[in-house]
Peer 1: 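Take this structure first; my questions come after.
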Amino acid sequence: MTPAELSQSLFDLVNQVSERRRDADAPVLGLTVADVVLDRPRNRDHGDWASSIALKIAKPLGASPRDIAAELAAGLEALPDVASVEVAGPGFINIRLEAAAAGALAQTIVEKADAYGTGTLYAGIKINLEFVSANPTGPIHMGGVRWAAVGDSLARVLQAEGASVTREYYFNDHGSQIDRFARSVLASYLGEPTPDDGYGGAYIGDIAATVVAQYDGDIAALPRDEQQEVFRSIGVDLMFTEIKEKLHGFGVDFDVYFHEDSLHESGAVTRAIDRLRELGHIFEADGAIWLRTTTFGDDRDRVIIRSNGEPAYISGDLGYYLDKRERGFDQNLIMLGADHHGYIGRMMAMCQAFGDEPGVNLQILIGQMVNLLKDGEPVRMSKRAGTIVTLDDLVDAVGVDAGRYSLVRSSSDSQLDIDLDLLGKHTNENPVFYVQYAHARTSAVARNAAASGVDRSAFTPELLVHDSESALLGVLQEYPRIVAQAAELREPHRIARYIEEVAGYYHRWYDNCRVIPLGEEPVTDLHRTRLWLNDATGQVIRNGLGLLGVAAPERM
RNA sequence: GCCCCCGUAGCUCAGUGGAUAGAGCAGCGGCCUUCUAAUCCGCUUGUCGUAGGUUCGAUUCCUACCGGGGGCACCA
């Protein structure tokens with residue numbers, strides 16, 4: 001019996017009880033199945049599943065919660081897979097399943113394999129997920145790396161729920177930051193000091209040297225403005241290529257790298273502005289062209305074409321958003337750092353100005369910043385000052401798996417502290433090893449089982465009665481719900497926390513229950529059935545790590 | 001001044017209205033002739049920032065305040 005079936009049964013019982021109890025003239029409760037949720041109690045004494053529904057409906061029915069609970073309990077007890085039901089505390093209903101019914105899950109998981117945990121929440125939905133989008137003015141730093149890890153994992157989670165996801169990187173190659181970058185590289189080449197508003201990192205010199213080596217001609221012979229253009233175009237390409245390669249090495253690949261420049265060149269920006277003008281949301285003032293975002297809740301109107309004729313940054317967003325919509329994306333997700341949260345108002349206003357629904361067609365996910373600490377003291381990261389910690393630094397220190405895992409296991413709402421010293425030393429503190437070790441252990445057990453003549457030729461789930469077994473089964477059952485929740489809330493860290501929990505239950509089970517008989521003891525159906533549970537656990541950990549983009553090693 | 005995020009064990013952090021608030025790390029003490037000891041077991045620590053409110057029930061929702069971080073351009 002699946003949790004869904006059990007909660008449907010409970011829902012039916014709730015309806016029966018409320019029909020029987022309510023006065024003829026009283027309003028119906030209007031509950032749906034979703035209101036009748038089953039919890040997996042933390043305390044195993046409270047059964048395999050628990051419901052607080054009696055507490056919720058007691059008042060409208062004018063009855064005591066315990067009386068309602070008792071009636072529901074009687075109905076549940078009659079179900080075939082339910083072993084026992086009790087009413088506890090103020091009116092909780094604690095349900096215990098037959099061991100066979102609970103244990104059947106092990107076989108289900110093994111048979112579903114990679115598909116276990118996937119759902120259909122977003123079946124048929126096209127989602128565009130834009131993340132990282134760091135400017136190509138320097139190596140990708142820790143802030144961007146966090147979104148690379150979280151965004152890629154979120155994409156995987158959404159795909160697991162049936163969505164068609166396009167990972168997209170918006171490449172800002174149009175604005176004045178690029179000019180600063182070009183001037184900085186040029187200055188380095190000429191041996192001049194870094195411009196006041198330029199970038200001063202050591203990588204600037206490297207880029208200058210590489211550009212000189214790659215340029216087919218004599219840069220020194222060019223006039224200064226042409227020199228700058230050479231350093232701009234080749235330098236940006238170099239950065240762009242490097243960023244792509246580094247992200248690839250980190251396991252993050254984008255489907256689309258979208259160039260801001262192309263929006264201006266293709267006329268997409270002009271088209272978007274024309275469209276908004278037709279809709280009556282454009283006005284002119286002080287020599288500039290504005291979008292009246294205040295109509296849609298923004299705290300001020302926004303300039304989209306400056307009085308000098310240059311498009312403001314947001315104009316690219318107008319064209320870009322329209323382009324995404326024309327490409328058929330129902331949901332457009334954009335991940336931004338907390339330093340960009342002020343964009344939400346204007347972006348949502350823009351979405352609404354186009355006639356779309358903010359929060360549905362456009363969703364902006366804000367993630368908090370990464371703080372770097374050294375000797376317990378904060379280190380400020382700045383591309384300008386050249387004090388940056390890059391993707392490479394992270395991977396060199398701890399590797400891809402531990403790096404991704406440490407970035408994705410915290411809520412994006414929390415600022416992340418990363419201690420540069422700890423990063424290099426105490427790698428065992430990373431819970432990823434705890435989880436990976438559990439997975440390696442399931443593989444080792446499976447290998448040894450094969451060598452010892454334990455196979456999966458029998459499956460008798462009613463034998464899985466040890467406390468550590470029902471606890472493990474209980475947590476394995478949660479997986480599909482966790483994936484759905486992570487997708488809905490856009491919070492992939494839930495997957496990490498969950499598999500840590502699975503690893504814990506598995507290790508404790510391993511300690512208590514043998515899959516392979518000791519010494520000369522015969523192989524029994526209990527051993528064979530436990531092998532199913534072992535393999536099921538490995539499968540769930542593997543699936544979970546897969547959603548995080550972290551390897552599931554068979555040996556450690 | 002306004003907006004967003006955070007405040008939970010010594011540290012880093014989970015916990016989108018439920019029962020006795022959890023994990024990892026750190027500390028102390030136990031288990032290897034037994035499927036991998038990167039595991040497991042035991043001990044120890046909490047005004048869930050403060051004060052109100054809603055609720056049968058609040059770490060969770062609402063309000064105010066305190067503390068930390070970030071943001072409020074014809075920059076991108």
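Letters A, B, ... mirror the listed sequences (proteins, then strands); counts begin at 1. The figures that follow rest on heavy atoms only: side chains count, while hydrogens, waters and symmetry mates do not. All figures in this text were calculated on a predicted structure; none of them were measured in a lab.
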Peer 1: Carefully, step by step, assess A:Val550 and A:Val435 under the rule side-chain contact (heavy atoms from CB on, under 4.5 Å).
Peer 2: CA-CA 10 Å; A:Val550 173; A:Val435 176; over 6 Å; no
Peer 1: What pairs of nitrogen or oxygen atoms, one from the protein and one from nucleotides 2-6 of chain B, lie under 3.5 Å apart?
Peer 2:
unit_1: B:rC3; atom_1: O2; unit_2: A:His341; atom_2: NE2; d: 3.0
unit_1: B:rC4; atom_1: O4'; unit_2: A:His341; atom_2: NE2; d: 3.3
unit_1: B:rC5; atom_1: O4'; unit_2: A:Gln368; atom_2: NE2; d: 3.3
unit_1: B:rC5; atom_1: O2'; unit_2: A:Asp413; atom_2: O; d: 2.2

Peer 1: So which nucleotide from B:rU36, B:rG24, B:rG70 ends up closest to the side chain of A:Arg447?
Peer 2: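 Between B:rU36, B:rG24, B:rG70, the one nearest the side chain of A:Arg447 would be B:rU36.
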Peer 1: Between P on B:rG24 and CZ on A:Arg409, what's the gap in Å once rounded to a whole number?
Peer 2: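 Between P of B:rG24 and CZ of A:Arg409: 10 Å.
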Peer 1: Verify the contact: side-chain N or O of A:Asn448 to OP1 or OP2 of B:rU36, cut-off strictly under 4.0 Å; return yes or no.
Peer 2: yes
Peer 1: Do any N or O atoms from the side chain of A:Tyr199 and from the backbone of A:Val185 form a donor-acceptor pair under 3.5 angstrom?
Peer 2: no
Peer 1: Looking only at the side chain of A:Met556 (C-beta and beyond, no hydrogens), which of the listed nucleotides B:rC74, B:rA38, B:rC35 gets closest?
Peer 2: B:rA38
Peer 1: Who are the side chain to side chain donor-acceptor pair (under 3.5 Å) partners of A:His259, not counting sequence neighbours?
Peer 2: A:Asp173
Peer 1: Keeping to residues at least two apart or across chains, list the salt bridge (Lys or Arg N to Asp or Glu O under 4.0 Å) pairs with something in residues 514-526 of chain A.
Peer 2: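 Qualifying pairs, neighbours excluded: A:Asp525-A:Arg528.
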Peer 1: Could you give the distance separating B:rU50 and B:rU16 at their C1' atoms, to the nearest angstrom?
Peer 2: 24 Å
Peer 1: Decide yes or no for A:Met142 and A:Leu416: does some side-chain heavy atom of the first lie under 4.5 Å from some side-chain heavy atom of the second?
Peer 2: no
Peer 1: Can you figure out which of B:rC13, B:rU39, B:rC35 approaches the side chain of A:Tyr510 most closely?
Peer 2: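 It is B:rC35.
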Peer 1: Side chain of A:Ala288: nearest nucleotide among B:rC74, B:rG71, B:rA19?
Peer 2: B:rC74
Peer 1: Got a sec, which residues hit ring pair (Phe, Tyr, Trp, His ring centres under 6.0 Å) with A:Phe181, two or more places apart in sequence or on another chain?
Peer 2: none
Peer 1: With ring-ring contact (aromatic ring centres under 6.0 Å, His included) as the test, pick out the partner of A:Tyr170 among A:Tyr257, A:Phe131, A:Tyr320.
Peer 2: A:Tyr320
Peer 1: Taking the P atom of each, how far is B:rC6 from B:rG24, in whole Å?
Peer 2: 25 Å
Peer 1: What is the distance from CG of A:Asn512 to P of B:rA37, rounded to the nearest Å?
Peer 2: 14 Å
Peer 1: Please classify the nucleic acid contact of A:Arg514 as base, sugar-phosphate, or nothing, using heavy-atom distances under 4.0 Å.
Peer 2: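 Counting heavy atoms under 4.0 Å across all strands, the contact made by A:Arg514 includes a base.
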Peer 1: Choosing from B:rA19, B:rU16, B:rC74, which nucleotide comes nearest the side chain of A:Gln485?
Peer 2: B:rU16
Peer 1: Using the C1' atoms only, state how far B:rA37 lies from B:rG30, rounded to an integer number of Å.
Peer 2: 13 Å
Peer 1: Could you check which of B:rC74, B:rG71, B:rA19 has an atom nearest any side-chain atom of A:Ser307?
Peer 2: B:rC74
Peer 1: Using the C1' atom as the point on both nucleotides, what is the distance between B:rG10 and B:rA51, in whole Å?
Peer 2: 28 Å
Peer 1: Assign A:Ala88 to base, sugar-phosphate, or nothing according to its heavy-atom contacts below 4.0 angstrom with the strands shown.
Peer 2: base
Peer 1: Just to verify, what does A:His281 make a ring pair (Phe, Tyr, Trp, His ring centres under 6.0 Å) with, not counting sequence neighbours?
Peer 2: A:Phe296
Peer 1: Provide the full list of salt bridge (Lys or Arg N to Asp or Glu O under 4.0 Å) pairs with a residue in residues 491-506 of chain A, sequence neighbours left out, each pair given once.
Peer 2: A:Arg40-A:Glu501, A:Arg409-A:Glu500, A:Glu491-A:Arg494
Peer 1: List the residues meeting ring pair (Phe, Tyr, Trp, His ring centres under 6.0 Å) with A:Tyr434, not counting sequence neighbours, and say none if there are none.
Peer 2: A:His507
Peer 1: Name the orientation of the base relative to the sugar in B:rC25: syn if the glycosidic angle is within 90° of 0, else anti.
Peer 2: anti
Peer 1: Which is more 5' along RNA chain B, the nucleotide nearest A:Arg300 or the one nearest A:Trp509? Just name the residue.
Peer 2: A:Trp509
Peer 1: With sequence neighbours left out, what residues match A:Phe459 under ring pair (Phe, Tyr, Trp, His ring centres under 6.0 Å)?
Peer 2: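 With sequence neighbours excluded, A:Phe459 shows a ring pair (Phe, Tyr, Trp, His ring centres under 6.0 Å) to A:Trp532, given in chain and number order.
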Peer 1: Using a cut-off of strictly less than 4.0 Å between a heavy atom of the residue and any atom of RNA chain B, enumerate the qualifying residues of residues 434-444 of chain A by number.
Peer 2: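 Nucleic-acid contacts, sorted: A:Tyr434, A:Tyr437, A:Ala440, A:Arg441, A:Ala444.
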Peer 1: When rounded to the nearest Å, what value does the distance between C1' atoms of B:rC13 and B:rU59 take?
Peer 2: 14 Å
Peer 1: If you check every side-chain atom of A:Lys56, which of B:rU34, B:rU16, B:rG18 has the closest atom?
Peer 2: B:rG18
Peer 1: To the side chain of A:Ser410, which of B:rG71, B:rC40, B:rC13 is closest?
Peer 2: B:rC13
Peer 1: Under 4.0 Å, counting only non-hydrogen atoms across every strand here, what does A:Asn172 touch: a base, just sugar-phosphate, or nothing?
Peer 2: nothing
Peer 1: Whole-Å distance between B:rA73 P and A:Leu291 CG?
Peer 2: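 One finds 17 Å between P of B:rA73 and CG of A:Leu291, rounded.
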Peer 1: Counting the atoms with a prime plus P, OP1 and OP2 as sugar-phosphate, which does A:Arg346 contact under 4.0 Å by heavy atoms, base, sugar-phosphate, or nothing?
Peer 2: base
Peer 1: Once side chain to side chain donor-acceptor pair (under 3.5 Å) is applied, do any residues pair with A:His466, and if so which ones, sequence neighbours excluded?
Peer 2: A:Ser468
Peer 1: Quick one: do the A:Arg180 and A:Gln177 side chains pair a donor with an acceptor below 3.5 Å?
Peer 2: no
Peer 1: Could you please spell out the steps behind the side-chain contact (heavy atoms from CB on, under 4.5 Å) verdict for A:Thr137 and A:Met239?
Peer 2: CA-CA 7 Å; A:Thr137 53; A:Met239 282 321 314; over 6 Å; no
Peer 1: So does A:Glu491 reach the base of B:rU16 with its side chain, donor to acceptor, closer than 3.5 Å?
Peer 2: no
Peer 1: For atom P, what is the distance between B:rC25 and B:rA64, given to the nearest Å?
Peer 2: 41 Å
Peer 1: Dot-bracket notation for RNA chain B is requested: 5' to 3', Watson-Crick or G-U wobble pairs only, both distances under 3.5 Å, with ( ), [ ], | and . as defined.
Peer 2: (((((((..((((....[...)))).((((.........)))).....(((((..]....))))))))))))....
Peer 1: Counting just side-chain N and O atoms, does A:His493 come under 4.0 Å of either OP1 or OP2 of B:rG15?
Peer 2: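 So the side-chain polar atoms of A:His493 do come within 4.0 Å of the phosphate oxygens OP1 or OP2 of B:rG15, strictly under.
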Peer 1: Look at the side-chain N and O atoms of A:Arg494 and state whether any lies under 4.0 Å from the OP1 or OP2 oxygen of B:rU16.
Peer 2: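 Affirmative; the distance criterion is met.
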Peer 1: Would you please name every residue forming a salt bridge (Lys or Arg N to Asp or Glu O under 4.0 Å) with A:Arg456, sequence neighbours left out?
Peer 2: A:Asp535
Peer 1: Can you find a donor-acceptor pair, distance only, under 3.5 Å between A:Asn94 side chain and B:rA19 base?
Peer 2: yes
Peer 1: Give the nucleotide from the list B:rC35, B:rC74, B:rC13 with an atom nearest to the side chain of A:Leu416.
Peer 2: B:rC13
Peer 1: Figure out the OH/C1' separation between A:Tyr405 and B:rA23, and round it to whole Å.
Peer 2: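 Whole-Å distance recorded here is 11 Å.
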Peer 1: RNA chain B: A:Asp286 or A:Asp417, which has the more 5' nearest nucleotide?
Peer 2: A:Asp417
Peer 1: Between B:rG69 and B:rC28, how far apart are the two P atoms, rounded to whole Å?
Peer 2: 34 Å
Peer 1: Just to be sure I understand the rule, does A:His46 reach a base, reach only the sugar-phosphate, or reach nothing, if contact means heavy atoms closer than 4.0 Å?
Peer 2: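 The answer is base, as A:His46 lies within the cut-off (heavy atoms under 4.0 Å) of a base atom.
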Peer 1: Expressed in whole Å, how much space separates the P atoms belonging to B:rG52 and B:rA26?
Peer 2: 40 Å
